[in-house]
Structures are given as structure tokens and as C-alpha cells.
Amino acid sequence: MEEILSIVGPDLTSQTTNFRDPIEPKQRLAITLRYLAAGESFASLAYQYRLGAITVCSSVHMTCSAIEKRMMSTHIPPPTEDQWKAIASKFWDKWKFPNCLGAIDGKHITIKAPPNSGSLFFNYKKTFSIVLLALVDADYRFTYIQVGDFGRASDGGVYGSSRLGRGMEAKTLNVPEDSPLPGSGVQGPMPYVIVGDAAFPLKTYLMRPFPGHRLPRWRENFNYRLSSARMVVECAFGILTARWRALLSRLQMAPHFVDTVVMASCILHNFLTNPAQNRRWQDEAEHTGDMLPIIRNMGGNRGSKDAYGVREKFSAFFNSLEGSM
């Protein structure tokens with residue numbers, strides 16, 4: 001807490017007047033962390049801290065804005081080419097999926113229905129929400145986030161209009177050049193890819209599972225490997241909401257304030273996450289058997305001919321690994 005305060009403290013200082021002393025930056029930060037961690041209402045926090053509800057509300061918004069402003073560039077920076085390679089190396093070491101830049105998925109954050117918004121925020125779960133789109137590395141840390149899209153939008157649609165989607169298509173994100181898969185040169189140089197579920201389109205740089213069921217063994221192997229690698233984004237969302245339980249409740253604020261709260265929560269998630277915790281969470285998940293099943297019966301979102309070829313080559317590589325074991 002002291003470290004965060006040293007970063008955002010100057011933005012939380014108010015001017016002293018003849019009528020009252022300002023709320024101290026440390027108290028504003030404590031109120032915000034209590035709100036994010038417990039998900040209590042502003043009225044409840046106001047009673048506990050002996051402050052006005054409007055003061056508590058403004059403190060939360062002020063602190064979240066300061067966290068986004070001061071810590072975004074240091075805790076969720078755009079990866080460099082060397083960082084992309086380090087992420088891919090960890091995915092191979094931990095999840096046995098080579099040339100993987102991260103796992104991508106979307107999460108709906110439930111909100112109070114904004115006035116006169118119609119069905120823009122109404123999603124398939126029959127609630128009002130905004131979408132958090134996230135790319136996660138092998139250590140459950142966010143490498144890219146986008147918050148604020150309407151709840152009615154699909155994950156694939158959000159990705160297509162995002163800076164990540166446009167950057168991957170235009171090749172402007174410092175992604176490394178194609179390289180052979182580990183221990184195999186049969187397929188030739190292979191592109192670095194992102195892994196996602198059936199909601200995302202199949203691209204040469206974005207792998208999704210083979211659709212259908214009763215698949216050949218080598219396609220089953222590919223879907224299993226992709227499911228194992230994609231699990232990290234589901235785990236990251238679980239860790240995020242377990243730590244910041246405000247995201248599990250319906251946020252009673254305007255959508256632009258929700259965006260700031262979610263961004264601040266993701267930044268604090270990266271701030272707190274470290275390899276020791278990752279190992280513990282992984283061991284606990286394996287002990288309880290809380291693992292993802294093999295992906296089956298997928299459909300939609302046709303890919304290009306080149307993308308199908310890339311997926312087939314990955315499948316052949318995994319099949320060769322199975323044969324050598």
C-alpha cells in the first residue's frame with residue numbers, strides 16, 4: 001500500500017480551505033482498496049469511514065483514475081520483441097504450446113443499465129454489461145486490456161475493432177519473425193500466434209480449436225494443447241475477480257466510471273502478481289482438479305486458407321510429439 005501511495009499520492013492531494021481539511025491521500029487509497037476488495041456499496045463505506053457517500057464515491061473515482069494514469073505504462077506496457085519471445089518461451093515450458101504470444105478472451109462486467117441506452121449494453125446472459133478484452137501471458141498477467149465495449153458485442157467483434165486486432169493485422173506490435181517450432185524443422189518457419197476459443201476468428205496469428213466432435217486423434221491433440229494454453233486467461237479472470245470482488249457485483253455507476261475501475265483492477269492485479277503466487281495457484285488448481293475439459297463442438301468464424309494451413313502444421317507438430325513420447 002505504501003508503494004502504491006508513493007506513486008499515486010500526488011494526484012490524491014486536495015487543497016486545504018478555511019472550511020475543512022482535505023481527505024488524506026492514504027485514506028482515499030484505503031477506501032478504494034476496500035471498495036475493490038469487498039464490493040461494498042458507497043453508502044456502507046461512508047458509514048464505516050464516517051464520511052459522506054459523495055466523498056467516498058469521488059475518492060474511489062479519483063484513486064482509480066490516478067492508478068490508471070500513473071501505473072498503466074509501467075505495469076501493462078506494450079511488449080517489445082524480446083518480451084514477446086520470453087512470453088512464448090514460458091508458454092512452451094509450462095503449457096507445451098510453442099510460438100504462443102498469449103491467451104485471449106473477453107469477460108462481461110455487470111453494470112446498472114445506463115439511462116436511454118436501449119439494448120446496447122444488454123448481453124446474451126440477459127444482463128447489462130461492458131466487455132473486458134484481455135491478452136494474458138503464461139504467468140496470469142495481463143499484457144493487453146481493452147475495456148468499455150457494449151455488452152451486446154461478441155468477443156470476436158470486440159477483438160476485430162481493438163488496437164490489438166488492428167495491430168496484429170497490420171504487423172505493428174513488434175511481433176517476432178516466424179521461427180521453427182522447438183526440436184522440429186519439418187514444418188518450416190511458423191508464425192507466432194495468440195490462442196483463443198471459438199468466438200474468435202481463425203487467422204495465421206490467432207489459433208482457435210478445430211470444430212466438431214469425433215475428431216481424428218491428431219486434431220484432438222491440437223485442441224487439447226490449445227485448451228491447456230488458453231486456460232491461463234480463464235484463470236487470470238478468476239484470480240482478478242476473487243481478489244477484487246467488486247467486479248462480481250453489479251457496478252452502480254456510469255459506464256465511463258466502470259471503465260476506470262476495471263482498468264485500475266487489472267493494473268493492481270499485475271502489480272500484485274508474482275511467480276511464487278502463480279506456482280501456488282497452479283498447484284491448488286491441480287490438487288482440486290479444477291482444470292478445463294477438452295474443447296469440443298466448436299463452430300463459426302471461418303478462417304483463411306493460410307490460417308487453416310498454419311493450424312494443420314501445429315497439429316502435425318503435436319502429433320509428432322505424441323508419437324515420440
Side-chain angles (χ1 to χ4, degrees), residues 11-12 14 23 28 31-47 49 51-69 71-72 76 104-135 142 144-167 196-201 233 237 240-241 244-269 300-301:
D11 291 350
L12 305 183
S14 298
I23 305 298
R28 291 189 188 274
I31 292 170
T32 302
L33 295 179
R34 179 64 178 268
Y35 169 75
L36 293 176
E40 297 183 58
S41 66
F42 291 144
S44 174
L45 289 173
Y47 178 78
Y49 284 90
L51 297 171
I54 299 299
T55 303
V56 170
C57 180
S58 63
S59 295
V60 170
H61 297 327
M62 182 187 298
T63 306
C64 288
S65 296
I67 291 172
E68 180 181 359
K69 176 183 176 182
M71 301 177 66
M72 181 72 176
I76 313 182
I104 192 171
D105 202 3
K107 178 175 178 57
H108 288 269
I109 306 297
T110 307
I111 64 172
K112 179 182 178 181
N116 305 316
S117 62
S119 62
L120 287 177
F121 294 91
F122 194 68
N123 62 40
Y124 70 97
K125 298 179 180 179
K126 311 302 181 184
T127 60
F128 292 88
S129 67
I130 62 167
V131 178
L132 164 62
L133 181 73
L135 181 68
F142 297 110
Y144 170 86
I145 56 174
Q146 176 170 303
V147 187
D149 288 272
F150 297 131
R152 66 181 297 179
S154 66
D155 289 348
V158 174
Y159 169 78
S161 61
S162 67
R163 289 186 292 106
L164 178 64
R166 297 195 304 269
D197 58 19
F200 294 92
V233 68
F237 286 149
L240 176 72
T241 54
W244 308 120
R245 301 190 69 83
L247 303 182
L248 293 176
S249 61
R250 186 172 65 170
L251 299 182
Q252 304 285 334
M253 58 185 73
H256 64 279
F257 287 132
V258 175
D259 296 350
T260 304
V261 168
V262 175
M263 293 283 279
S265 300
C266 293
I267 293 169
L268 292 174
H269 168 89
N301 275 338

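In this text the structure is predicted, and so the values were computed from the model without any measurement.
Judged purely by atom type and a 3.5 angstrom limit, R166 uses its side chain to pair as donor or acceptor with the backbone of S161. Not a single donor-acceptor pair under 3.5 Å links the side chain of S117 to the backbone N or O of L120.
We find the NE2-NZ distance between H108 and K125 to be 6.0 Å, quoted to the nearest 0.5 Å. Residue I145 holds its CD1 atom at 4.5 Å from CE of M72, rounded to the nearest 0.5 Å. Remark: T110 OG1 to Q252 CD distance equals 11.0 Å, nearest 0.5 Å. Summarising the geometry, atom CD1 belonging to I31 is positioned 10.5 Å from atom CG belonging to L12; distances are rounded to the nearest 0.5 Å. Atom SG of C57 and atom CE of M62 lie 11.0 Å apart (nearest 0.5 Å). Atoms CD and CG, on E40 and L45 in that order, are 5.0 Å from each other to the nearest 0.5 Å.
The two residues N123 and G151 have their closest heavy-atom pair at CB-O, 3.3 Å. Nearest heavy atoms, T63 versus S59: OG1-O, 2.8 Å. When all heavy atoms of L251 and A246 are compared, the pair lying nearest together is CD2-O, 3.2 Å. Minimum heavy-atom separation, G148 to D259: CA-OD1, 3.4 Å. Residues D11 and A66 approach most closely at CB-CB, 3.7 Å, considering heavy atoms. Shortest non-hydrogen contact noted between S249 and G39 is OG-O, 4.3 Å.
Put simply, the side chain of K107 reaches to within 4.5 Å of the side chain of T241, judged on heavy atoms. Under the 4.5 Å side-chain criterion, counting only non-hydrogen atoms from C-beta, V233 is not in contact with I104.
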### Query
When you look at L132 and C266, which way does the side-chain contact (heavy atoms from CB on, under 4.5 Å) test go after all the steps?
CA-CA 10 Å; L132 164 62; C266 293; 4.0 Å; yes

### Task
For the pair F142 and F237, evaluate side-chain contact (heavy atoms from CB on, under 4.5 Å) and give the outcome as yes or no after the intermediate values.
CA-CA 10 Å; F142 297 110; F237 286 149; 4.0 Å; yes

### Message
Quick one, V56 with R34, criterion side-chain contact (heavy atoms from CB on, under 4.5 Å). Give me CA distance, side-chain angles, the key distance, then yes/no.
### Response
CA-CA 11 Å; V56 170; R34 179 64 178 268; over 6 Å; no

### Message
If you apply the rule side-chain contact (heavy atoms from CB on, under 4.5 Å), what do you find for M253 with V261, and how did you get there?
### Response
CA-CA 10 Å; M253 58 185 73; V261 168; 3.8 Å; yes

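The aromatic rings of H61 and F42 lie perpendicular to each other, with more than 60° between the two planes, well past the 30° mark. In this structure, F150 and F121 have perpendicular ring planes: the angle between them is above 60°, well past the 30° mark.
In terms of the side-chain hydrogen bond (donor to acceptor under 3.5 Å, both in side chains) criterion, S119 has no residue partners (sequence neighbours excluded).
Listed by first and then second residue, the side-chain hydrogen bond (donor to acceptor under 3.5 Å, both in side chains) pairs involving residues 146-160 are Y144-Q146, Q146-D149 (not counting sequence neighbours).
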